[in-house]
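Dumping the structure here so I can ask a few things about it.
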Amino acid sequence: MKIRKGDTVRVLQGKDRGKEGRVAFAFPGKVIVDGINTARRHTKPKSATQPGGIITKDMPMDVSNVAIVCASCGKATRVGYRIDPDGTKSRVCRKCEADLPEPKE
Ligand SMILES: [Zn+2]
């Protein structure tokens, strides 16, 4: 998985193209990004704690439609890998070769 929960990504395709957000969930092939690709759902009241109405929900989107934003160069980039001599695999920016930070869960 190149894109992980907590990463900052830029949307490349779709109605939210150009927007940036933080990955809330990442699963194989799909990501959910905070505030991106929202859909309004009309829901019926289920209980006192879940009133009905129109709620806005972030929908999963294809991982190929987003690119990680490099904290060093600020560009939307593809992810490369670097294997350190001790065998550690690090994600790096393909544009500036800087390490991409590991997001905190
Ligand atoms: Zn970079």
Side-chain angles (χ1 to χ4, degrees):
M1 287 292 289
K2 293 187 171 181
I3 291 181
R4 299 189 191 150
K5 183 181 170 184
D7 283 340
T8 300
V9 294
R10 184 173 299 162
V11 181
L12 305 176
Q13 297 293 333
K15 64 181 174 145
D16 290 316
R17 182 160 58 189
K19 288 188 188 170
E20 289 180 14
R22 190 175 162 278
V23 176
F25 290 100
F27 38 98
K30 297 273 181 186
V31 289
I32 295 176
V33 186
D34 282 339
I36 305 285
N37 201 31
T38 54
R40 289 211 301 269
R41 288 292 173 86
H42 301 256
T43 58
K44 286 181 181 173
K46 283 178 190 157
S47 67
T49 54
Q50 279 189 294
I54 301 167
I55 59 160
T56 304
K57 197 169 183 297
D58 300 332
M59 300 301 287
M61 57 195 300
D62 206 278
V63 75
S64 64
N65 290 342
V66 301
I68 195 162
V69 177
C70 172
S72 297
C73 65
K75 291 173 186 159
T77 183
R78 293 199 295 148
V79 176
Y81 289 100
R82 188 194 63 236
I83 312 284
D84 290 330
D86 65 356
T88 315
K89 202 170 168 187
S90 305
R91 298 187 305 167
V92 298
C93 170
R94 284 268 186 95
K95 295 203 167 133
C96 71
E97 305 286 313
D99 280 22
L100 295 168
E102 292 302 318
K104 291 168 192 72
E105 289 290 324

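Heads up: numbering here begins at 1 and tracks the sequence. Whatever order the structure lists them in is the order used to number ligands and atoms, beginning at 1.
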Checklist entry - Any side-chain heavy atom of K75 within less than 4.5 Å of one from R10? => result no

Item to check | T88 OG1 to Y81 OH distance, which is reported to the nearest 0.5 Å | outcome: 14.0 Å

Checklist entry - Any link between I68 and V92 through a network of hydrophobic side chains (Ile, Leu, Val, Met, Phe, Trp, Tyr) touching at under 4.5 Å? => result no

Next on the checklist: Suppose the cut-off is 2.8 Å; which protein N/O/S atoms would you list for the Zn ion (ligand 1)?
Outcome noted: C70 SG, C73 SG, C93 SG, C96 SG

Item to check | Worked verdict on V33 versus K19 for side-chain contact (heavy atoms from CB on, under 4.5 Å) | outcome: CA-CA 10 Å; V33 186; K19 288 188 188 170; over 6 Å; no

Next on the checklist: Nearest 0.5 angstrom please: I32 CD1 to M59 CE, how far?
Outcome noted: 8.0 Å

Next on the checklist: Under 4.0 Å between a side-chain nitrogen and a carboxylate oxygen: does that hold for D7 and K2?
Outcome noted: no

